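Treat the numbers as computed from the prediction; the structure is a model and nothing was measured. Letters go in sequence order (proteins before strands), and every chain restarts at 1. What's counted below: heavy atoms across the whole structure, side chains too, no hydrogens, waters or symmetry copies.
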Amino acid sequence: MSTIDMLQHILFEFSVYEAAHNAPYKARAYQSAAETVSQHADDLETLWKAQGIKGLKELPGIGTAIAEKIDEFFRTGRIASYRTMKQAFPVDSARLSTLEGLGPKHIFTLWQKLKIKNLSDLEHALQHKKIAQLPGFGEASQARLARALHLKRAASGRPALGFILPIAEELVAHLTRLPDVTRSAYGGSIRRRQETVGDIDLIATSNHPIRVMEAFVHFPEVDSVIEQGPTRTLVRLHNGLDADLRVVPDQVFGATLLYFTGSKQHNILLRERALKRGYTLNEYGLFKGKKLLACAHEEEIYTRLGLDMPPPELRVGGEELLAAEHHALPDLLPYGSVRGDLQVQTNWTDGSDSIEQMARAARTNRLSYMAVTDHTKALTFIHGLHEREVTKQGKEIDRLNKKYTIKTHARLLHGTECDILRDGTLDLNNATLSALDWVGVSVHTSLELEATDMTKRIVKALSNPNIDCFFHPTSRRIGRREPCAMDMDEVLATAKKFRVALEIDATPDRSDLNDLHVRSAIRAGVPLVIDSDAHSPDHFRFLNFGEGIARRGWATKTDIMNTKTLTQLRAWLEKKRPRPQWTA
DNA sequence: GCCGTTTTCGGCCCGACTGTTTTCAGTCG
């Protein structure tokens with residue numbers, strides 16, 4: 001667990017403790033502080049180092065008491081009052097809370113009556129049927145907890161957005177086809193383009209909600225029904241994910257979409273803002289007393305509240321509302337802005353298709369240029385290229401660029417995805433690298449290095465004057481591999497100094513850089529690119545997910561280098577070093 | 001515990017559904 005994760009975990013456990021002890025407002029305070037900490041995972045410690053407690057208190061939801069706790073945590077690595085609390089309530093409440101349907105009150109009862117501290121204790125108690133007799137529980141609760149625990153044990157974490165979005169789109173299409181449905185949409189983390197998805201939130205509008213719900217629970221994707229009512233129905237899909245459907249009259253679509261898009265914290269802040277102005281906001285509209293003020297479109301609700309409308313990707317419940325109030329929302333990079341893909345693998349190494357086929361597919365996806373970036377020789381198991389083969393590949397690229405025009409094939413750049421070796425040296429010699437149009441480097445081996453060694457390794461590599469881009473900087477794979485440990489601030493400073501772009505790798509389970517890194521990179525003045533890391537022709541569609549990550553990181557078009565035309569990109573690159581092999 | 005163009009004290013988002021209740025507490029989004 002990283003330092004920040006630990007801090008977030010502690011704040012969350014305080015929140016559970018307070019909620020269990022009938023202090024809902026304290027609980028909320030801790031929870032929103034935990035939220036703020038996770039939003040500032042990347043720059044919290046930097047902020048603390050620079051400005052101390054005073055700086056922390058500037059953040060939303062962090063006042064004197066919590067700022068002092070965070071200060072103590074960074075100074076000493078622990079928090080005295082947390083230890084005291086844990087002595088009284090030595091329960092892994094954060095982990096227990098991840099079970100569907102188990103909240104603070106029940107966690108506390110489990111501890112008081114049965115001394116249940118963690119998931120294993122709970123499993124044991126369930127096996128011996130001890131839960132049903134507890135006050136506030138019953139046979140149904142016992143069975144539900146057993147199911148939740150089983151599901152938790154079976155699940156391997158939240159799936160990446162890229163795998164779930166197509167399913168959400170399919171469900172929306174099913175709903176839209178129902179005769180009783182006027183409109184349908186997905187909301188939630190999917191609409192906000194969060195990198196992973198916990199469940200699928202759906203909205204439909206209809207005058208016959210009960211019929212719609214009845215049709216919904218019989219969709220082929222549905223495994224079982226968890227809750228079913230006339231306005232809200234929750235089902236579990238065969239893939240293990242939950243889908244939550246709200247059905248409302250068509251005229252309140254905007255209010256419901258706003259509510260169901262979230263984030264939860266964003267909604268809370270909006271509703272508080274409404275209250276201060278004498279309004280109430282719910283999923284049916286913005287009201288003054290019983291009078292309906294706005295409900296048809298999201299934008300009119302924001303306008304009534306004196307706000308510009310933040311795009312869904314920014315709705316985390318933090319700075320976006322301040323920016324919305326001061327007409328300072330960023331002009332986010334529009335979807336479809338990327339003009340060229342700068343990381344593509346072909347069948348020269350581990351890609352499935354030829355350079356020619358990939359260039360055609362890129363063009364079909366409306367890209368006008370594409371860098372061929374096959375792996376290098378350190379990756380023996382996929383026959384990474386040696387210097388001589390790299391040179392030979394250049395000749396093939398020249399040939400194809402002469403043979404085809406932009407009408408049918410993307411313009412090809414000769415590039416590489418050169419391995420950064422364990423000691424920070426590169427897997428191709430400088431003569432070969434300097435002859436390339438585009439040089440990307442990345443880490444594929446010795447991923448487990450300590451942060452100091454990994455940072456040194458990366459800094460050394462990025463200092464090479466031939467390097468243009470650092471591909472998938474943390475090398476994480478969602479659900480399979482943690483990000484490499486490194487000092488991201490130092491990596492950013494190095495990238496800035498040597499004018500190396502950092503990549504947003506849009507392959508769904510990579511999503512690397514993530515949104516927080518993107519924001520830090522932009523603040524640090526580091527150029528970015530968005531690549532699909534395509535290994536087959538149908539991977540170019542991933543670029544859309546990369547654009548989503550960039551938008552969540554508040555990126556505008558000027559922050560992303562491959563939104564430039566090829567001519568502009570070339571001019572930008574040549575400021576660093578001449579490109580001898582460039583084929584215009 | 002946090003917060004302030006009503007406020008430094010007294011508020012704190014809101015509705016739906018389930019289960020264990022006999023009018024509501026707990027949980028969720």
Enquirer: Looking across every strand, which nucleic acid part, if any, lies under 4.0 Å from A:Leu281 by heavy atom: base, sugar-phosphate, or nothing?
Expert: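 Contact class for A:Leu281: sugar-phosphate only.
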Enquirer: Can you list every pair that meets ring pair (Phe, Tyr, Trp, His ring centres under 6.0 Å) and has a residue in residues 195-216 of chain A, with sequence neighbours left out?
Expert: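 Listed by first then second residue: A:Phe216-A:Phe219.
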Enquirer: Please work out if A:Leu234 contacts a base, only the sugar-phosphate, or nothing of the nucleic acid, heavy-atom cut-off 4.0 Å.
Expert: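 It contacts nothing in the nucleic acid.
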Enquirer: Under 4.0 angstrom, heavy atoms only, what part of the nucleic acid is A:Ile66 near: base, sugar-phosphate, or nothing?
Expert: sugar-phosphate
Enquirer: Can you check the A:Gln265 CD to B:dC28 P distance for me, whole Å?
Expert: 17 Å
Enquirer: Which whole number of Å gives the distance between the C1' atom of B:dG11 and that of B:dA16?
Expert: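 25 Å, rounded to whole Å.
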Enquirer: Is A:Pro135 touching bases, backbone alone, or none of the nucleic acid, heavy atoms closer than 4.0 Å?
Expert: nothing
Enquirer: Roughly how far apart, to the nearest Å, are B:dC12 and B:dC17 at atom P?
Expert: 25 Å
Enquirer: Pair A:Phe108, A:Phe89 - check ring pair (Phe, Tyr, Trp, His ring centres under 6.0 Å), show working.
Expert: CA-CA 8 Å; A:Phe108 190 66; A:Phe89 184 53; 5.6 Å; yes
Enquirer: Taking atom C1' in both B:dT8 and B:dC3, what distance in whole Å separates the two?
Expert: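 Each nucleotide's C1' atom is 9 Å from the other's.
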Enquirer: Quick check: A:His539 with A:Phe542 (ring centres under 6.0 Å apart)?
Expert: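 Judged by ring-centre distance (under 6.0 Å), A:Phe542 and A:His539 do meet the cut-off.
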Enquirer: Between A:Phe137 (CZ) and B:dT18 (P), how many Å, whole number?
Expert: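 It is 19 Å, rounded to the nearest whole Å.
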Enquirer: I need the full list of side-chain hydrogen bond (donor to acceptor under 3.5 Å, both in side chains) pairs touching residues 296-314 of chain A, with sequence neighbours left out, sorted by first then second residue.
Expert: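 Found A:Arg191-A:Glu298, A:His266-A:Tyr302, A:Glu298-A:Arg315, A:Tyr302-A:Arg315, A:Asp308-A:His327, A:Glu313-A:Tyr335, A:Glu313-A:Arg551.
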Enquirer: May I ask you to say what A:Glu100 touches in the nucleic acid, namely base, sugar-phosphate or nothing, with a heavy-atom cut-off under 4.0 Å?
Expert: sugar-phosphate
Enquirer: If pairing requires Watson-Crick or G-U wobble contacts with both distances under 3.5 Å, which nucleotide is the partner of B:dT8?
Expert: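 With both distances under 3.5 Å required, B:dT8 matches none.
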Enquirer: Within the 4.0 Å heavy-atom criterion, would you say A:Ser32 contacts the bases, only the backbone, or no part of the nucleic acid?
Expert: nothing
Enquirer: Roughly how many Å apart are B:dA25 and B:dT20, using the C1' atom of each and rounding to a whole number?
Expert: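 Nearest-Å result for B:dT20 against B:dA25 at atom C1': 9 Å.
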Enquirer: In this structure, how many angstroms lie between the P atom of B:dC17 and the CG atom of A:Leu245, rounded?
Expert: 11 Å
Enquirer: Counting the benzene-type ring for Trp, do A:Tyr82 and A:Phe14 have ring centres under 6.0 Å apart?
Expert: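 Ring-ring flag for A:Tyr82/A:Phe14: true, centres closer than 6.0 Å.
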Enquirer: Using whole Å, what does the distance between atom C1' of nucleotide B:dC14 and atom OH of A:Tyr259 come to?
Expert: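 It is 8 Å, rounded to the nearest whole Å.
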Enquirer: Atom CG of A:Leu202 to atom P of B:dG29: distance rounded to whole Å?
Expert: 14 Å
Enquirer: Quick test of your reading: applying side-chain hydrogen bond (donor to acceptor under 3.5 Å, both in side chains), list the pairs with at least one residue in residues 105-116 of chain A, sequence neighbours left out, ordered by first then second residue.
Expert: A:Asn22-A:Lys105
Enquirer: Taking the P atom in each of B:dC9 and B:dC14, what is the distance between them to the nearest angstrom?
Expert: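 So the two P atoms sit 25 Å from each other.
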Enquirer: Please work out if A:Glu68 contacts a base, only the sugar-phosphate, or nothing of the nucleic acid, heavy-atom cut-off 4.0 Å.
Expert: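 No contact.
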Enquirer: Quick one: which protein N/O atoms are closer than 3.5 Å to N/O atoms of nucleotides 22-26 of chain B? Pair and distance per line, please.
Expert:
from: B:dG26; atom 1: OP2; to: A:Lys105; atom 2: NZ; distance (Å): 3.2

Enquirer: Do A:Thr556 and A:Asp559 have a side chain donor and acceptor closer than 3.5 Å?
Expert: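 A:Thr556 vs A:Asp559: donor-acceptor pair found between side chains.
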Enquirer: Does CG belonging to A:Asp250 count more than 12 external heavy atoms closer than 6.0 Å?
Expert: yes
Enquirer: Establish whether the base of B:dC14 is bridged to the side chain of A:Arg271 by a donor-acceptor pair shorter than 3.5 Å.
Expert: yes
Enquirer: Quick test: give all pairs of protein nitrogen or oxygen and nucleotides 4-12 of chain B nitrogen or oxygen below 3.5 Å, distance rounded to 0.1 Å.
Expert:
from: B:dC12; atom 1: O3'; to: A:Arg28; atom 2: NH1; distance (Å): 3.1
from: B:dC12; atom 1: O3'; to: A:Glu272; atom 2: OE2; distance (Å): 3.4

Enquirer: Can you confirm if the aromatic rings of A:Tyr30 and A:Tyr17 lie within a centre distance of less than 6.0 Å?
Expert: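 No - the distance between ring centres of A:Tyr17 and A:Tyr30 does not fall below the 6.0 Å cut-off.
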Enquirer: Regarding A:Asp180 and A:Ser206, is there a side-chain donor-to-acceptor distance under 3.5 Å anywhere?
Expert: no
Enquirer: Using a cut-off of 4.0 Å on non-hydrogen atoms, how would the nucleic acid contact of A:Asn267 be classed: base, sugar-phosphate, or nothing?
Expert: nothing
Enquirer: Select base, sugar-phosphate, or nothing to describe what A:Gly136 touches, counting heavy atoms under 4.0 Å on all strands.
Expert: sugar-phosphate
Enquirer: Please report the distance, rounded to the nearest Å, between CG in A:Leu145 and C1' in B:dT27.
Expert: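 Roughly 12 Å, once rounded to whole Å.
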Enquirer: Is A:Leu134 touching bases, backbone alone, or none of the nucleic acid, heavy atoms closer than 4.0 Å?
Expert: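 It contacts nothing in the nucleic acid.
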Enquirer: Which pairs, with at least one residue in residues 36-67 of chain A and sequence neighbours excluded, count as a ring pair (Phe, Tyr, Trp, His ring centres under 6.0 Å)?
Expert: A:Trp48-A:Phe74
Enquirer: Between B:dT21 and B:dG26, how far is it from one P atom to the other, in whole Å?
Expert: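 Those two atoms are separated by 12 Å.
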Enquirer: Considering only B:dC17, B:dG19, B:dG29, which nucleotide approaches the side chain of A:Ala140 most closely?
Expert: B:dG19
